[in-house]
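Note that ligands are numbered from 1 as they come in the structure, with each ligand's atoms numbered from 1 the same way.
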Amino acid sequence: MRDPRYDVLFEPMKIGPVISKNRFYQVPHCNGGGYRDASAAAAMRGIKSEGGWGVIFTEQCEMHHSSEITPFIELRLWDDKDIPMLAKMADKMKEYGALAGIQLAYSGINGPNLYTREVPLAVSAAPIRTFTNDPVQARALDRQDIRDLRRWFVNAAKRSKLAGFDLICLYGAHGFGIFQHFLSRATNQRSDEYGGSLENRSRFVNEVVGDMRDAVGDTMGLTLRVSLDETIGKLGFSNAEVRDFVEMNKNLPDLWDLAHGTWEDCSGPSRFVEEGAQETLVRGIHDLTDRPIVGVGRFTSPDVMVRMVKSGLLDMIGCARPSIADPFLPKKVEDGRIEDIRECIGCNICITGDMTMSISRCTQNPTFMEEWRKGWHPERMNAKGASNNVLVVGAGPAGLEATKALAERGYDVVLAEATEILGGRVARERHLPGLSAWGRVVDYREFHIKKKPNVEVYLDSALDADAILEFGFEHICLATGSAWRRDGVSRQHVVPMPVSKATNVFTPDDIMSGVRPSGHVVIYDDDHYYMGGVLAELLVNGGCQVTFVTPSAYVSDWTVNTLEQHVIHRRLAELGVKIILNRGLTVISDDHVISNCVFTDTIERFECDAVLMVASKIENNGLYLDLKVREAEWAEAGITSVKLIGDANAPGPIAWATYAGHRYARELDEPNLGDALPFRREITELAID
Ligand code: ADP
Ligand code: SF4
C-alpha cells in the first residue's frame, strides 16, 4: 500500500475550526462551466472528493451583482436563489470526506459589469482591466460603499454557510480580487485611511476578515489568497511587501493561500514554467506566521510534495491542473500507485475552456467536465458490450487512448503503428523546444497498454485495406492522423497558393523529421497556435535568420487562451525574430516572397532562402476511403464497423484526439442514440412572470 515516505502528506491539517483529513488541497480553479453548467461542475468536484482530496474549492464565485466578469462564466452568489446550486456543489465535495471551500470574489477593477450594467466600483477610479480592454471605467468606492461592501461580504459568508461550505477563500490574487486591489499601490491610490501606508492598505482585508469571523468564524475556516509578487514593477504588491504584510498580519486568516503574480504567471504553461517554480518566492514566509500555508506549482510528484512540506515551505499542497489531469492523485499516492498518476502536461488546454467561455477539456483526462454530462468516470469504464475485438490503426494520442480505454472495458485490442515508436505527433512534438512534458501523453498510455494482457502492439506495421480485410477484426478504429499542408491552404488561402517548383518550402513535419532549412527563413503562420512560434525558436537556435509573417494582429494568436501569447512574443523578440503582423503571403518564389497587408493589400517583398509553411493540416484518411469503397467485403471479413477518429477525421489540438479516442472506446457497442443529444445539459428554469 502506501509508501511510508508519503505518510506526511496524509497528516490531518487544522484550518481554523475545521480539519482537513490530509494535505492535498485543490485550490480554486475555473472550468468554463460555472453557473451555466452547475451540475457538471458539481459532479467534477465530487469526483475529486472520491479521489481523496482533503480540501476542494469552487472556482471564483461572484459574491455581489455589482461586480461581475461577463462574458467569463464563473459562479455566482448574488442572492438566496443561488444557494441551492452551491449547496449541490458543497454536498458533492463532502461526499467522501473533503472540506468544501467557496472562493468569494469581488472583482473591482476587473469587473466590467456588462451583464448587470451596474457602475463598477473599484478601490481607485480607473479603466477596467480585462483581457478585452472594455471601454468602461470604474468609480472609486467612497466610505459608504466600503461599509456596504463589508456587509455584502458578510451576507455572502452567511449564504456560503447555509449552502454547507466549510471554508471561505477571500480572493486577492492574480490581480483579480479586491483585496489585492486594496493592497497594491498600483490599484490603490487613495488618500484616506484605506490608502498610503501598508497598514492602511491592509485595513480593508482586516475589517472583512473580522466581520466574517464574527458572522461565521465559529464553524468556517477563512483563507486568504494573495499573489506572492504582483510582478508589475515597483508600484506593484512585491514579494518583499507580501512578506511585510504577512508579518504585520501574522494570524489574519486561518490559512494563507499563496498564488503567484498574474494568472499567467501562476498558471504558466510547462513550455515556460517548471514544476515548483514559485519556490524562491515562498521560501521564508512560513517563519513569519503561525498559520498554515498552501502554495501551488503544478505539483504532480509526491516526492516534490513531501520536500515542500518537510523543508517547511508549505503545509498543504495546492493543485489545480494536477487535480484536473488526475482527480485521483491523492488516492493513487495512498494506494502506492505512483506510476499510475496521470500527470498534467502543462499545456493549459483546460484554461482555454474558461477563456473561450465554452467548457473545459483536459488533454490528459478526457473525462474532465464529462462526469455528469456523459457519466464518464476518470478511473472506471463502462462494461464491455456484445462484441470482442478491435483493431486500432495508428498510435498517436487518439489511437493510444482508444486502445487503453477499450482494453479497460475488456475488449481484445490490436494496435498497429506504421513507425517504430508509439505516440504519433506527440512522439515528434515532444522534442520541440519547451514541449518535453507533453511526452507524458504517450508515456502514461504506453505504461498502461504494456501492462494489459488483452492488448497486442505491432510497430513497423503500416496497414493497407487488403491487410485489414484479411485480418477479420470485428471493429476497425482508424486513428491515422494528419499531415501539415505544403500548399498554404488555411484561412488566408482557401485554395492552394502558387508555389514555384524550385522553391524551398518546408512544413512542420519536415522540420520534425530532421530536415532543416538554412539562411533566412520566412515562417508563414496562418495556424495561429503554438507550432509557428515553437519552430521559430528552433530555427533561430539552429542558426537561421527568421522572419515571422502572420495575417493575425498577434504572434501565436490563439495562445492568448493558454495564457502564453505575451511570453511567446517576448521570447521571439528576444531571439531576434523579425515579427511582421497583419500581413499574409501572396507569392512564394525561389528567393523571395511577396507579402500583402490584410487591411490595404499593400505589397512588400522579402528576400529569403526558404519558407516554412505553418498553415493547416490535411487528414490521413486514405485508408478509410479505401475500406469504404470495399464496404461490400466487410461482412465476409467479419467486420461490423469501421470508424475514423482523431486528426484523421478532423485535425485539432492533442486534447481533441485523446477525447476522440476515449469517446470511441466508451461508445463501442452502445445503443445508437439516433438524433438524441449525446450529453446532459442544464436548462434554464423559466421565471414566473
Ligand atoms: P492523432 O492525433 O489523431 O492520434 P497522430 O498523427 O498523432 O494522430 O498519429 C497517427 C499515427 O498513425 C501515426 O503514428 C502514424 O504513423 C500512424 N499511421 C498512419 N497511417 C497508418 C497506417 N496505414 N498503418 C499504421 N499506422 C498508421
Ligand atoms: Fe494539465 Fe493540460 Fe490537462 Fe490542463 S489540460 S490539466 S494543463 S494536461
Side-chain angles (χ1 to χ4, degrees), residues 29-32 267-271 273 275 298 300 319-327 329 342-354 360-369 391-403 414-430 437-438 440-442 444-445 457-468 476-484 509 512-513 561-564 617-624 626-627 644-661 664:
H29 71 71
C30 58
N31 50 68
S267 296
S270 57
R271 182 172 166 194
V273 182
E275 181 174 352
R298 201 162 33 77
T300 56
C319 296
R321 290 170 293 174
S323 77
I324 293 173
D326 198 340
L329 193 156
R342 201 186 303 106
E343 292 182 295
C344 167
I345 69 166
C347 60
N348 282 2
I349 279 293
C350 47
I351 290 169
T352 70
D354 191 56
S360 291
R361 322 176 167 239
C362 170
T363 302
Q364 280 284 61
N365 173 12
T367 67
F368 181 59
M369 293 307 281
L391 170 66
V392 177
V393 184
L400 286 174
E401 176 62 25
T403 302
V414 168
L415 172 63
E417 163 56 42
T419 69
E420 285 171 0
I421 45 166
L422 299 179
R425 61 183 285 189
V426 179
R428 298 191 298 276
E429 291 182 29
R430 70 188 300 174
W438 292 21
R440 292 171 171 181
V441 171
V442 183
Y444 169 74
R445 288 168 178 80
V457 177
Y458 294 95
L459 295 174
D460 219 354
S461 305
L463 301 187
D464 58 16
D466 284 338
I468 291 173
I476 313 296
C477 171
L478 299 173
T480 44
S482 61
W484 287 92
D509 289 322
M512 286 188 279
S513 55
N561 298 313
T562 48
L563 305 182
E564 59 192 321
K617 292 177 183 171
I618 192 151
E619 317 82 65
N620 287 336
N621 57 8
L623 181 54
Y624 175 73
D626 288 349
L627 283 168
L644 193 60
I645 67 162
D647 287 343
N649 191 24
I654 298 164
W656 274 241
T658 50
Y659 184 83
Y664 175 85

Check your understanding: What protein N/O/S atoms sit under 2.8 Å from atom 4 (Fe) of ligand 2, by chain and number?
Key -> C350 SG

Check your understanding: Taking side chain as C-beta onward, heavy atoms only, is R445 less than 4.5 Å from T658?
Key -> yes

Point to revise | CD1 on I324 to SG on C319, rounded to 0.5 Å | key: 10.5 Å

Check your understanding: Heavy-atom distance under 4.5 Å between the side chains of H29 and C350, does that happen here?
Key -> no

Review point. Any side-chain heavy atom of T403 within less than 4.5 Å of one from L400?
Key: no

Check your understanding: Can you find a pair of side-chain heavy atoms, one from D647 and one from R425, that are under 4.5 Å apart?
Key -> yes

Check your understanding: Taking the side chain from Q364 and the backbone from I345, do they hold a donor-acceptor pair closer than 3.5 Å?
Key -> no

Check your understanding: Are any non-hydrogen side-chain atoms of T363 and W438 less than 4.5 angstrom apart?
Key -> no

For ligand 1, run through the N/O pairs with the protein that fall under 3.5 Å and put one pair on each line.
{"from": "ligand 1", "atom 1": "2 (O)", "to": "D647", "atom 2": "OD2", "distance (Å)": "2.8"}
{"from": "ligand 1", "atom 1": "3 (O)", "to": "D647", "atom 2": "N", "distance (Å)": "2.8"}
{"from": "ligand 1", "atom 1": "4 (O)", "to": "P397", "atom 2": "N", "distance (Å)": "3.1"}
{"from": "ligand 1", "atom 1": "4 (O)", "to": "A398", "atom 2": "N", "distance (Å)": "2.9"}
{"from": "ligand 1", "atom 1": "7 (O)", "to": "R425", "atom 2": "N", "distance (Å)": "2.7"}
{"from": "ligand 1", "atom 1": "12 (O)", "to": "A479", "atom 2": "O", "distance (Å)": "3.4"}
{"from": "ligand 1", "atom 1": "14 (O)", "to": "E417", "atom 2": "OE1", "distance (Å)": "2.7"}
{"from": "ligand 1", "atom 1": "14 (O)", "to": "E417", "atom 2": "OE2", "distance (Å)": "3.0"}
{"from": "ligand 1", "atom 1": "16 (O)", "to": "E417", "atom 2": "OE2", "distance (Å)": "2.6"}
{"from": "ligand 1", "atom 1": "23 (N)", "to": "L463", "atom 2": "O", "distance (Å)": "3.0"}
{"from": "ligand 1", "atom 1": "24 (N)", "to": "L463", "atom 2": "N", "distance (Å)": "3.0"}
{"from": "ligand 1", "atom 1": "26 (N)", "to": "A418", "atom 2": "N", "distance (Å)": "3.0"}

Exercise for review: Flag the pair L644 / E619 as yes when at least one side-chain heavy-atom distance between them is below 4.5 Å, and no otherwise.
Suggested key: no

Study note, to complete from the structure: Exactly one candidate in R440, R321, R298 meets salt bridge (Lys or Arg N to Asp or Glu O under 4.0 Å) with E343; the answer is R440

